[in-house]
2 protein chains.
Amino acid sequence: MANGVMAEKKAPARGEERANGRARGIDRVIALMEHLHRLRTPTRIADIARDTGTPRSTVYELVNTLVEARWLELRDDDGTVYFGPAMHYYGSDYLDSVDLIRKARVEVAHLAEMSGETSQFCMLEGDKYLVVLNEPGRRMFRISSEIGIKVPIPWTASGRLLVDHLKPDEILSFIPDEDFLLPDGRRIARDEFLHDIGQARENGYVRTTALVDRFTTCLAAPVRDASRQCIATICFVIPADTGEAEQKSMIDLLIASAEKLSVPR
Amino acid sequence: MANGVMAEKKAPARGEERANGRARGIDRVIALMEHLHRLRTPTRIADIARDTGTPRSTVYELVNTLVEARWLELRDDDGTVYFGPAMHYYGSDYLDSVDLIRKARVEVAHLAEMSGETSQFCMLEGDKYLVVLNEPGRRMFRISSEIGIKVPIPWTASGRLLVDHLKPDEILSFIPDEDFLLPDGRRIARDEFLHDIGQARENGYVRTTALVDRFTTCLAAPVRDASRQCIATICFVIPADTGEAEQKSMIDLLIASAEKLSVPR
DNA sequence: GAATGTTGTCCGAAATATCGGACTTGCCGT
DNA sequence: ACGGCAAGTCCGATATTTCGGACAACATTC
């Protein structure tokens, strides 16, 4: 295998499995795009075929079609493909069409510019947390964006705000058990997690340190809808050794921005 | 017709026309997405069917699939569909994967924040100009983004830089005749256009006023590759009555940013 | 330089996705 | 209340797309 890509799941087409291997082109394409998004790197066609369980001849056929439409681009001359400009155009149309996100973009950009630190706008999708907007700061100590990548709720500061409308037992049944296990093997205690959530609601913000990454602190503030439910968060991702005074003033910035995005009380 | 959408072209599937109306699902989907991007507004399914020349039952079937994959979203409860979050995720992956664009994002954001005015990053696609990145200023006097929308080269300030590696006769044969006709019916004189281009190359920037829009001025500076060819531009879109001193300092900002994005001489 | 593996193209067969049209439901104006 | 129109669902037939496998062109290894 010339590329370090591992088969992830031998994705079974999409939706329901079909008895024989045959699938619609559109379902193959959806699987292909999801696969590229998971890998987040230009990928060779043969690897796509293997890892998505799509016949090789079919992938070649579809990739040709998609490259022509600029949904995909051939990269580097090393026979890899990745997303093309059309995805950016359609994605921009989406961002502009959603009121809250359009406003959040201004806030996130402003926060990142003001502070020089990475600022994000996050929401839930199902029982997972994900980054919707990411504005790298001047420091930019994390290069690869994680936009649209699902992450377990307990791994994140924002997650502690996004479930704060649920009762403790609802929270624990909402979040899958395995999501309390951090990537480094540590396990987040359920009662501590619930305690954090109560604390966060009281404070109007949340801070976590060294959760996913040993040297990173996250600061987050809640964006609330008319019913005071937290529908999104806005946050900073900063080095853990940032001074307390600086952190305090960043929290104030966050709360002000979050307030602007929230439906007025 | 309950919606003000006009049939644009009765799009003939994609690629080559097929004798009978039958087409692949993937080609139908590509036509559908391009259609939404052209309209840039949530659209009813029946209208999509009519305007793309796709059978109604087929569109319903495909839209269901795409909504499930979050490529599309049902909007408003008024039965319209538009792009969904997946497009944003894939589009972000694209932006992050292209070196020049990733760097340009920082510059454009910075310029918009500094000046409070709308800043853009533009490139050619075929013989058309298009906006790749758009950061609205605080003023934000133009709401709808035009990201990924093809515009005739002569209509734009940046266009006068993007063709400056061609000889005069090459330029005139590169740009379609009808592209010299402005939306308001005026026609751009070819020799004036060529003169502008020469001037722009000499100055290292270009300014246009009241081209597409009577009250708008555009300032643009060239991003050049190793062979000194202009491969992109970075620009401001400002009210035409902006003071000269302010414009001058904005031009300096532009040139500095464009220089940073260019391959060093 | 033979053996082995990888990339990309091509082709015919068969399984099936697309399509047309019928049908239901709901809305609107008269 | 009624007729006309649009939205959305459903179903069977058939034109077409997917798929497997063969093949050629290169690259890599021993």
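In the text below, chain A, chain B and the rest are named by the order of the sequence lines, each starting its count at 1.
- Here C:dC19 presents its C1' atom at 15 Å from CG of B:D27, a figure rounded to the nearest Å.
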Sub-3.5 Å pairs of nitrogen or oxygen atoms, protein against nucleotides 8-13 of chain C:
{"unit_1": "C:dG8", "atom_1": "OP2", "unit_2": "A:Y60", "atom_2": "OH", "d": "3.0"}
{"unit_1": "C:dG8", "atom_1": "N7", "unit_2": "A:R56", "atom_2": "NH1", "d": "3.1"}
{"unit_1": "C:dG8", "atom_1": "N7", "unit_2": "A:R56", "atom_2": "NH2", "d": "3.4"}
{"unit_1": "C:dG8", "atom_1": "O6", "unit_2": "A:R56", "atom_2": "NH2", "d": "2.9"}

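- Side-chain N or O atoms of A:T52 include none that pairs as donor or acceptor with a backbone N or O of A:R50 at under 3.5 Å.
- Between the CG atom of B:D51 and the P atom of D:dA6 there is a distance of 14 Å, given to the nearest Å.
- In this structure, CZ of A:R28 is placed 17 Å from C1' of D:dT16, rounded to the nearest angstrom.
- Between the CG atom of B:L62 and the C1' atom of C:dT16 there is a distance of 15 Å, given to the nearest Å.
- The CD1 atom of B:I26 sits 18 Å away from the P atom of D:dT16 (whole-angstrom rounding).
- At D:dT18, none of the side-chain N or O atoms of A:T58 fall inside 4.0 Å of OP1 or OP2 (strictly under the cut-off).
- In this structure, the CD1 atom of B:I48 is 15 Å from the C1' atom of D:dA6, given to the nearest Å.
- Nearest nucleotide to the side chain of B:P55, out of C:dG20, C:dT18, D:dT18: C:dG20.
- Here the side chains of B:D225 and B:H165 are not in contact, with every heavy-atom distance at 4.5 Å or above.
- The closest donor-acceptor contact from the side chain of A:W155 to the backbone of A:L181 lies under 3.5 Å.
- The salt bridge (Lys or Arg N to Asp or Glu O under 4.0 Å) check on A:E61 picks up B:R24, with sequence neighbours excluded.
- Judged purely by atom type and a 3.5 angstrom limit, A:H37 uses its side chain to pair as donor or acceptor with the backbone of A:G148.
- Regarding contacts with the backbone of C:dT18, a side-chain N or O of A:R24 is found under 4.0 angstrom from either OP1 or OP2.
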Using distance only, find each side-chain donor-acceptor pair of residues 120-134 of chain B under 3.5 Å and give its atom names and separation, not counting sequence neighbours.
{"unit_1": "B:Q120", "atom_1": "NE2", "unit_2": "B:N134", "atom_2": "OD1", "d": "2.9"}
{"unit_1": "B:E125", "atom_1": "OE1", "unit_2": "A:R70", "atom_2": "NH1", "d": "2.9"}
{"unit_1": "B:E125", "atom_1": "OE2", "unit_2": "A:R70", "atom_2": "NH1", "d": "3.3"}
{"unit_1": "B:K128", "atom_1": "NZ", "unit_2": "B:D179", "atom_2": "OD2", "d": "3.1"}

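- In this entry the distance linking CG of B:D47 with C1' of D:dA6 reads 10 Å, nearest Å.
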